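Report on the following structure.
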Amino acid sequence: MSIYDAIYAVVSQIPRGKVATYGQVAALANLPGQARLVGYALYRVDHSSDIPWHRVINAKGEISQSPFRYGSDDVQRSLLEQEGIQFSPVGKISLKEYCWQPSLPLPPASLFQ
DNA sequence: TCCTTGACCAGAG
DNA sequence: CCTCTGGCCAAGG
């Protein structure tokens, strides 16, 4: 059981048209305060997998870029726009409007242990 | 085993 | 709006 399994399990539950922040995912994965690990986990996700990695953004409501994507963050942006998410002129997403709020209290740990 | 790096965050100034 | 700081922890050299 790797901590990544919990992270992937949470990310997989983010519905279409919604986004979640790294910190949020970390908390739901029962890893409070370990947002960096979420980023690290997503880094090693295969883009061809089922995991909706593009629905995870940073706390500022912006797309985080990574070295290996080299500015091709347009990919993530396009995917999000396809789901109806709108960006501000500055490239920010309205968390107020699109932040995922899990209706069912995700359960946590029992599900993943 | 030590040291550095990293798709982060919240708080302080 | 900006920068800096400390904290978290896995992976790679």
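Values below: every heavy atom of this structure, side chains too, minus hydrogens, waters and symmetry copies. Predicted model only: the values in this text are computed from it and were never measured. Sequence lines set the chain letters: A, B, ... in the order given, protein chains first and strands last, and positions in each chain run from 1.
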Audit row: A:Ile63, A:Asn58, side chain to side chain contact (heavy atoms under 4.5 Å, CB included) steps and yes/no: CA-CA 6 Å; A:Ile63 292 178; A:Asn58 65 27; over 6 Å; no

Minimum heavy-atom distance A:Val25-A:Ala20, with the two atoms named: CG2-CB, 4.0 Å

d(CG, A:Leu95; P, B:dA10) in whole Å: 11 Å

Integer-rounded Å distance: B:dA10 P and A:Asn58 CG: 10 Å

Check: A:Gln76 side chain, A:His54 main-chain N or O, donor-acceptor pair, under 3.5 Å: yes

Between B:dA7 (P) and A:Leu42 (CG): distance, integer Å: 11 Å

Nearest-Å distance for atom pair CD/P, residues A:Gln34 and B:dC9: 14 Å

Separation of atom CD1 in A:Ile93 from atom C1' in B:dA7, rounded to whole Å: 14 Å

Side-chain (A:Tyr98) to main-chain (A:Gly61) donor-acceptor, under 3.5 angstrom: no

Toward the 5' end of DNA chain C, by each residue's nearest nucleotide, A:Pro32 or A:Lys92: A:Lys92

Between P of B:dA10 and CD of A:Gln24, the distance in whole Å: 11 Å

A:Asn30 CG to C:dC8 P, straight-line distance once rounded to whole Å: 17 Å

A:Ser64 vs B:dC8: side-chain N/O to OP1/OP2 distance below 4.0 Å: yes

Test: A:Arg36 cationic atom under 6.0 Å from A:Tyr22 six-membered ring centre, within 45° of axis: no

Rounded distance in Å - OH (A:Tyr43) to P (C:dA10): 18 Å

Basic-acidic side-chain contact under 4.0 Å: A:Lys18, A:Glu83: no

Pairwise N/O distances under 3.5 Å, protein to nucleotides 11-13 of chain C:
residue : atom : partner : partner atom : Å
C:dA11  : O4'  : A:Tyr40 : OH           : 2.6

For A:Trp100 against A:Gln24, the heavy-atom pair lying closest together: O-NE2, 2.5 Å

Most 5' of A:Ile57 and A:Leu37 on DNA chain B, judged by nearest nucleotide: A:Leu37

Residue A:Arg36, side-chain atoms from C-beta onward, closest of B:dA7, B:dC9, B:dC8: B:dC8

Sugar-phosphate, base or nothing in reach of A:Ile3, heavy atoms under 4.0 Å: sugar-phosphate

